[in-house]
J.: 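Have a look at this one.
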There are 2 protein chains.
Amino acid sequence: MNIGEVGARTGLPTKTIRYYEDIGLVRPGRDSNGYRAFGESECHKLAFVARARALGFSIQDCRTLLALYEDDGRASADVKRVALEQLEQIDRKLSELQSMRDTLSGLVKACAGDNRPDCPILNDLAAP
Amino acid sequence: MNIGEVGARTGLPTKTIRYYEDIGLVRPGRDSNGYRAFGESECHKLAFVARARALGFSIQDCRTLLALYEDDGRASADVKRVALEQLEQIDRKLSELQSMRDTLSGLVKACAGDNRPDCPILNDLAAP
DNA sequence: ATAGGGGTTCCAGTCGCTGGAAGGTCAAGC
DNA sequence: GCTTGACCTTCCAGCGACTGGAACCCCTAT
């Protein structure tokens with residue numbers, strides 16, 4: 001399978017797939033013409049990574065998850081721990097964003113948005 | 001005022017302040033010994049930027065907001081537009097994170113987290 | 001023979017810092 | 001006067017996870 005087809009199947013840009021090879025996430029073979037040759041399993045791994053990335057897991061987490069996935073003797077607790085940490089990370093980010101949103105939306109509401117210079121948004125940034 | 005005091009006043013690391021000078025956000029003078037010399041207004045600008053950054057505005061947005069702040073003839077509509085775009089950005093990010101959270105928390109709940117290898121999280125990543 | 005659509009490599013840039021090395025400056029204490 | 005330590009300076013490199021572009025090779029169809 002060429003890189004283009006893998007991209008089409010996984011939804012990953014070819015650039016990203018090459019990058020994933022660069023950093024050792026996958027190790028496709030090579031055709032005699034120098035083209036990367038992906039087997040089903042490499043393609044599957046990439047799809048796995050694509051889904052993990054879509055859940056916000058870091059590349060390092062993806063490495064860990066892939067290793068666990070390929071380890072028949074894994075404990076699901078190990079997977080769960082990684083996932084829980086990611087969930088906590090998301091929650092931290094969510095609450096940070098939510099508090100930004102609260103502040104900003106208050107300021108936006110307070111701003112007339114007309115052609116006069118008076119502006120509560122700038123006032124707040126200048127001295128909250 | 002030396003960079004250290006500006007850092008203490010604004011809460012910004014000195015590294016960041018030097019970086020902000022590098023990219024032209026502020027233009028402190030220099031003492032005869034080569035040290036940066038910040039006046040009240042430069043320090044105030046940095047505090048302004050620090051607060052804008054804390055609301056998630058990009059450096060480019062900060063430039064725009066600073067310029068508007070310093071323009072007595074601005075229209076508050078121009079400020080509001082920048083803020084509204086940022087609010088929308090935050091909302092997009094929030095909903096993306098929320099949907100990650102939903103998926104991930106469902107998977108985490110479904111995972112026993114014991115020492116057996118069977119794991120819904122990995123199953124989902126492998127084929128959702 | 002040529003055109004196009006694959007593929008390859010390598011290098012640089014993104015964003016917003018952050019770390020570290022190598023060195024100059026200043027105030028306090030001995 | 002000398003040392004110590006905290007400050008300051010510059011410059012260069014690296015983070016994460018790609019992304020863009022240049023320059024080139026390969027394959028197929030017309």
Side-chain angles (χ1 to χ4, degrees), chain A residues 1-38 42-43 45-46 48-66 85-86 89-90 92-93 96-97 100, chain B residues 1-38 42-43 45-46 48-66 85-86 89-90 92-93 96-97 100:
Chain A
M1 210 183 322
N2 278 351
I3 197 169
E5 194 183 340
V6 177
R9 285 211 209 174
T10 59
L12 291 169
T14 56
K15 277 273 186 192
T16 301
I17 298 173
R18 286 191 201 101
Y19 170 70
Y20 285 171
E21 182 189 5
D22 248 33
I23 62 171
L25 270 186
V26 283
R27 254 173 262 279
R30 294 286 170 148
D31 284 342
S32 53
N33 58 10
Y35 287 18
R36 286 168 183 81
F38 294 85
E42 294 298 304
C43 184
K45 268 190 185 186
L46 285 166
F48 182 101
V49 169
R51 283 186 287 263
R53 295 283 302 131
L55 291 179
F57 287 104
S58 69
I59 294 288
Q60 185 47 55
D61 284 342
C62 290
R63 277 186 217 280
T64 306
L65 290 171
L66 266 181
E85 257 166 48
Q86 172 58 14
Q89 181 117 321
I90 288 176
R92 279 193 295 278
K93 196 92 202 172
E96 191 196 346
L97 276 177
M100 285 184 190
Chain B
M1 209 181 326
N2 278 352
I3 197 170
E5 194 183 340
V6 177
R9 285 210 209 175
T10 60
L12 291 169
T14 55
K15 278 273 187 192
T16 301
I17 298 173
R18 285 192 202 99
Y19 170 71
Y20 284 172
E21 181 188 7
D22 248 33
I23 61 171
L25 270 185
V26 284
R27 256 172 259 279
R30 295 284 170 151
D31 284 341
S32 53
N33 57 12
Y35 287 18
R36 286 168 183 81
F38 294 85
E42 295 298 303
C43 184
K45 267 190 185 185
L46 284 166
F48 182 102
V49 169
R51 284 186 286 264
R53 295 284 302 133
L55 290 178
F57 287 104
S58 70
I59 294 288
Q60 185 48 54
D61 284 342
C62 290
R63 277 186 216 280
T64 307
L65 290 170
L66 267 182
E85 257 166 49
Q86 172 58 12
Q89 181 118 321
I90 287 177
R92 279 193 295 279
K93 196 90 202 173
E96 190 196 347
L97 276 176
M100 286 182 189

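The sequence lines fix the lettering, A, B, ..., with proteins before strands; numbering per chain opens at 1.
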J.: OH of Tyr19(A) to OG1 of Thr14(A): how many Å apart, nearest 0.5 Å?
T.: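 Reported to 0.5 Å precision, the distance equals 15.0 Å.
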J.: Roughly, in whole Å, what's the span from NZ in Lys93(B) to C1' in dC15(C)?
T.: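 Atom NZ in Lys93(B) sits about 13 Å away from atom C1' in dC15(C).
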J.: Scan Arg92(B), Gln86(B), Lys93(B) and name whichever one has a side-chain hydrogen bond (donor to acceptor under 3.5 Å, both in side chains) with Gln89(B).
T.: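 Running side-chain hydrogen bond (donor to acceptor under 3.5 Å, both in side chains) over Arg92(B), Gln86(B), Lys93(B) with Gln89(B) returns exactly one hit, Arg92(B).
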J.: Ile3(B) CD1 to dA6(D) C1': how many Å, rounded?
T.: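 Going from CD1 in Ile3(B) over to C1' in dA6(D) covers 15 Å.
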J.: Specify the separation, in whole Å, of atom CD of Glu5(A) and atom P of dG6(C).
T.: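 Going from CD in Glu5(A) over to P in dG6(C) covers 13 Å.
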J.: Whole angstroms only, please: what is the CG-C1' distance between Asn33(A) and dG7(C)?
T.: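 Result: 8 Å.
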J.: Side chain of Tyr35(B) only, please: which of dT8(C), dG16(C), dT25(C) is the nearest?
T.: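 Given the options dT8(C), dG16(C), dT25(C), the side chain of Tyr35(B) is closest to dT25(C).
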J.: Quick check against the 3.5 Å criterion: does Asn33(B) have a side-chain atom that pairs as donor or acceptor with the backbone of Tyr35(B)?
T.: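 At least one qualifying donor-acceptor pair exists.
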J.: Contacts to DNA chain D from residues 12-28 of chain A, heavy-atom cutoff under 4.0 Å, which residues?
T.: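 Pro13(A), Lys15(A), Thr16(A), Tyr19(A), Tyr20(A) - these, ordered by number, are the residues of the stretch whose heavy atoms sit under 4.0 Å from the strand.
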J.: Roughly, in whole Å, what's the span from CG in Leu46(A) to C1' in dC18(D)?
T.: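 About 15 Å, once rounded to whole Å.
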J.: Between dC8(D), dT9(D), dA17(D), which nucleotide has the shortest distance from any of its atoms to the side chain of Arg36(B)?
T.: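 From the listed options, dT9(D) comes nearest.
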J.: Specify the separation, in whole Å, of atom CD of Gln60(B) and atom P of dG16(C).
T.: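 For the pair Gln60(B) CD and dG16(C) P, the rounded distance is 9 Å.
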J.: Return no unless some side-chain N or O of Arg30(B) is found under 4.0 Å from OP1 or OP2 of dC8(D).
T.: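 No, because none of the side-chain N or O atoms of Arg30(B) sits under 4.0 Å from OP1 or OP2 of dC8(D).
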J.: Is Glu21(B) salt-bridged to Arg30(B), going by a charged N under 4.0 Å from an acidic O?
T.: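 Between Arg30(B) and Glu21(B) there is a salt bridge, with a charged N closer than 4.0 Å to a carboxylate O.
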J.: May I ask you to decide if Leu55(A)'s main-chain N or O and Arg51(A)'s side chain share a donor-acceptor pair within less than 3.5 Å?
T.: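 Between the backbone of Leu55(A) and the side chain of Arg51(A) there is no qualifying donor-acceptor contact (under 3.5 Å).
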J.: May I have the distance from Asn2(B) (atom CG) to dT25(C) (atom C1'), rounded to whole angstrom?
T.: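 Going from Asn2(B) (CG) to dT25(C) (C1'), I get 11 Å.
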J.: Going from CD1 on Ile17(B) to CG on Asp22(B), what distance comes out if it is rounded to the nearest 0.5 angstrom?
T.: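 Between atom CD1 of Ile17(B) and atom CG of Asp22(B) there are 13.0 Å.
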